[in-house]
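Notes follow once the structure below has been shown.
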Amino acid sequence: MAARQALQVHLDLLSQPCRALHILLACTRLPHTVRHVALRRGEHRTPEFTEINPMQKVPVMVDNGFILTESDAIIKYLVNKYDVPDHWYPRQPERRARVDEYTAWHHTHTRPRAAKVFLLEVLLPAQTGSPVEEQCLMGALSQLQETLDQLESMFLRRQPFLCGDDITVADLLAVCELMQPEGGGRDVLQDRPLLQRWKSRVRAAVGDAFDQAHAVLYALRDRRRAKL
Amino acid sequence: MAVELYLDLLSQPCRSVLIFAKKNNIPHEVRNISLMDGEQYGDHFGKISLIRKVPALRDGDFTLTESPAILLYLAQKFQTPEHWYPADLQQRARIDEYLSWQHCAIRLHGSKVFWLKLMIPEVLHVEVPKEKMEAAVEELSGSLKLLEEKFLQDRPFIAGGHISLADLVAIVEVMQPVAAGLDVFEGRPKLNAWRDRVQAAIGKELFDEVHQNILGSQERVKVMDGSKLEFSKAKILNFFM
């Protein structure tokens, strides 16, 4: 039997979609190797990495030479290919459609709006040395509130998880985005009991994998707190 | 039983859904939702979908939004020809990869050019600074370059030898800035050739029929009542400018 190259994923756990993928891999116990790509050190812009992904982004998956980018495509590929519990990305068409609906909506709502808060509060000041642009941040927080309202009223209305009665890949993608502002010490769910209960259910469903994936983010938060 | 499709053909994803339904002879009824008249905020549409976006599908008690989800659902339910979303996992992944990437790339950049070049100055009567327009065109160029170099490469279509959902979703977005008067195909022979192949695979008549409205935009804005968009003016300016 020819030796099979293991599944490889190129990740930086500071990246929200990388964490979602990491949690899925941990929960499903798919054998894989992780190649760390330090975004802060510009490792995504090296010639070696650019050859793997010309878009210079993470996560990237390499499965026996097959290279794939985009976290939702990677996650769906892995779930389709390997024998994992059906609830992650159900085969039943209407249940699957609900997940496809959320993962599409996620790109233009949850992801950009939560990421912007982190960008304004943590990344930009760190990169430029300038203070936080308060007015922009207020605007971003206000937009995020709209998204949180929509998550509660459109996706969590009368159901425990975003796409139904059980956890799916949609919940992983969403929770990792909503965790990102914690890197700046901000809990965006602090006044949102419905979303907090959802987050607790997600944490319970994925177990230790949650904190393990978020260790880098917690460390960033703790370093910043220590400086104050 | 026919599915109901809630559409406004000025919207790119509505066009991909209608083309798919017609091309595959999927029994459907179109319910027009006029975005310019704010019909997506009406009570009736709210009963169809809380998400209040078009396109939306209703199939009995089941309602769905987001064009990638709708297209995948229709492909599976009506057992459309395999090339639209092949069983081969790698080809399928290539399509999913494109459908994911395009939200914040071609879709965003093409929409931005459409609004900055046409709708904002001509309908909202707000001047668009030259640098903003140039930056938007530059961003779109970047996305079109990635479409050609990463998603197409030397393949006739995104997933390989045949048209798939990825090409369908791509072409309707690429047409949006064209409708504003920006010829994205000029100087891009690869993109041009791909467009010809996609049009041929869809059928020129169907392609033209579905794009008729949007391609009449430059004429329509001359007689359009700008006050219709007042209610979302702030939101539009905030988003695109």
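Chain naming here is simple, since letters A, B, ... match the order of the sequence lines and numbering starts at 1 in each.
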Check: Are there residues of residues 61-85 of chain B that reach to under 4.5 Å of chain A by heavy atoms, and which ones?
Finding: B:F62, B:T63, B:L64, B:T65, B:E66, B:P68, B:A69, B:L72, B:Y73, B:Q76
Next item on the list: Count the heavy atoms belonging to other residues, nucleotides or ligands that lie under 6.0 Å from CD of A:Q196, then report whether that count exceeds 12.
Entry: yes
Checklist line | Least distance between heavy atoms, B:R94 atom then A:I67 atom | finding: NH2-O, 2.8 Å
Check: Residue by residue, which of residues 16-35 of chain B have a heavy atom closer than 4.5 Å to a heavy atom belonging to chain A?
Finding: none
Item checked: Contact list for residues 52-62 of chain A, test side chain to side chain donor-acceptor pair (under 3.5 Å), sequence neighbours left out -> A:T50-A:Q56
Item checked: Which atom of B:I51 lies closest to which atom of A:M154, heavy atoms considered -> CG1-SD, 3.5 Å
Notebook entry, point to check: How far does CE of A:M61 sit from CD of B:E97, to the nearest 0.5 angstrom?
Noted result: 9.0 Å
Margin query: Out of A:F155, A:F66, A:Y102, return the one with the most heavy atom pairs under 4.5 angstrom to chain B.
Written below: A:F66
Next item on the list: Give, as side chain, backbone, both or neither, the part of B:D59 having an atom under 4.5 angstrom from any heavy atom of chain A.
Entry: neither
Margin query: I'd like to know whether CD of B:E230 has more than 12 heavy-atom contacts from other residues, nucleotides or ligands below 6.0 angstrom.
Written below: yes
Note to self: Is it the case that atom CD in A:Q92 sees more than 12 heavy atoms from other parts of the structure closer than 6.0 Å?
What the structure shows: yes
Item checked: Residue B:K233 excluded, over 12 heavy atoms near NZ under 6.0 Å -> yes
Next item on the list: Under 4.5 Å, heavy atom to heavy atom: which of residues 140-166 of chain B reach chain A? Give them by number, or say none.
Entry: B:L146, B:K150, B:F151
Margin query: Just so I understand: if I count every heavy-atom pair under 4.5 Å between each of A:M55, A:H107, A:R111, A:K76 and chain B, which residue has the most?
Written below: A:H107
Item checked: Top of A:S71, A:A73, A:G139, A:P54 for chain B proximity - count of heavy-atom pairs under 4.5 angstrom -> A:A73
Check: So A:Y77 and B:L89, side-chain contact (heavy atoms from CB on, under 4.5 Å) or not? Walk me through it.
Finding: CA-CA 7 Å; A:Y77 169 83; B:L89 286 183; 4.1 Å; yes
Check: Near A:K116 NZ, under 6.0 Å, is it more than 12 heavy atoms from other residues, nucleotides or ligands?
Finding: no
Check: Between atom CD of B:Q90 and atom CG of A:D63, what is the distance when rounded to the nearest 0.5 Å?
Finding: 7.5 Å
Next item on the list: For chain B, find which of A:L68, A:V99, A:T108, A:N80 contributes the most heavy-atom pairs closer than 4.5 angstrom.
Entry: A:L68
Notebook entry, point to check: Any side-chain heavy-atom pair from B:D96 and A:E70 closer than 4.5 angstrom?
Noted result: no
Next item on the list: Check each atom of A:Q150 against the heavy atoms of chain B and say whether the ones under 4.5 Å are side chain, backbone, both or neither.
Entry: neither
